[in-house]
Amino acid sequence: QVQLVESGGGLVQAGGSLRLSCAASGRFPSRTTMGWFRQAPGKEREFVAAFNWSGGSTYYADSVKGRFTISRDNAKNTVYLQMNSLKPEDTAVYYCGLGGRIVVVTNPKLYDYWGQGTQVTVSS
């Protein structure tokens, strides 16, 4: 069984920064896709950033390009999301997802496992 545990959310003023972490445990293939998604109240879960399954490429939503950075520590099985220049519209619950050899990394339906989510609130 795979478990994903997110942490690092909180309340921050617009223009501030937060760093989210997602620690993976359990048995999973060595090559996986890991991504960050977010969901605001009344909205669908939307893609934020991801590593593809080969680990060689990163992908970002247009809304976060230049502000957010996804990174990972393979030794710790942990993926990070550094969020800078935060805006009120970034307010959402942020989820970490893990899947196999996903081609369309922006599609949340293709991920097999999810964490419990961590709340990010950006005040204006």
Determine whether [X] and [Y] fall in the same hydrophobic cluster, where Ile, Leu, Val, Met, Phe, Trp and Tyr are linked whenever their side-chain heavy atoms lie under 4.5 Å apart.
X    : Y    : value
V64  : L18  : yes
V104 : Y113 : no
M34  : L110 : no
Y59  : L98  : no

Between [atom1] on residue [X] and [atom2] on residue [Y], distance to nearest 0.5 Å:
X   : Y    : atom1 : atom2 : result
L20 : T78  : CG    : OG1   : 12.5 Å
Q13 : S124 : CD    : OG    : 9.5 Å
F51 : W36  : CZ    : CH2   : 11.5 Å
S17 : F68  : OG    : CZ    : 9.5 Å

For the pair [X] (side chain) and [Y] (backbone), establish whether a donor and an acceptor sit closer than 3.5 Å, ignoring hydrogens and angles.
X   : Y    : value
Y60 : I70  : yes
T91 : V122 : yes
S21 : E6   : no

Quick one: closest heavy-atom pair of [X] and [Y], and the distance?
X   : Y    : result
P88 : A14  : CD-CB, 4.1 Å
A24 : L4   : CB-CD2, 3.5 Å
T33 : V105 : CG2-CG1, 3.9 Å
S85 : R67  : O-NH1, 3.0 Å
A92 : Q119 : O-NE2, 3.4 Å
F47 : T106 : CD2-CG2, 3.5 Å

Quiz item: Can you tell me if CD on Q3 sees more than 12 non-hydrogen neighbours from other groups inside 6.0 Å?
Solution: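 Atom CD in Q3 is not packed in, count stays at 12 or less.
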
Quiz item: Heavy atoms, side chains only, cut-off 4.5 Å: are F28 and D112 in contact?
Solution: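 Answer no - side chains too far apart.
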
Quiz item: Do W114 and V2 have side chains that get closer than 4.5 Å, going by heavy atoms?
Solution: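 Heavy-atom side-chain distance check fails, nothing below 4.5 Å.
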
Practice problem: Let me see the working for L81 and R38 under side-chain contact (heavy atoms from CB on, under 4.5 Å), right down to the final yes or no. | Solution: CA-CA 12 Å; L81 185 69; R38 65 188 182 187; over 6 Å; no

Self-check item: Candidates V12, V120, T69, D90 - the one meeting side chain to side chain contact (heavy atoms under 4.5 Å, CB included) with M83
Solution: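 It is V120; the other options fail the test.
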
Quiz item: For the rings on Y111 and F37, is their centre-to-centre separation under 6.0 Å?
Solution: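 Yes; F37 has its ring centre under 6.0 Å from that of Y111.
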
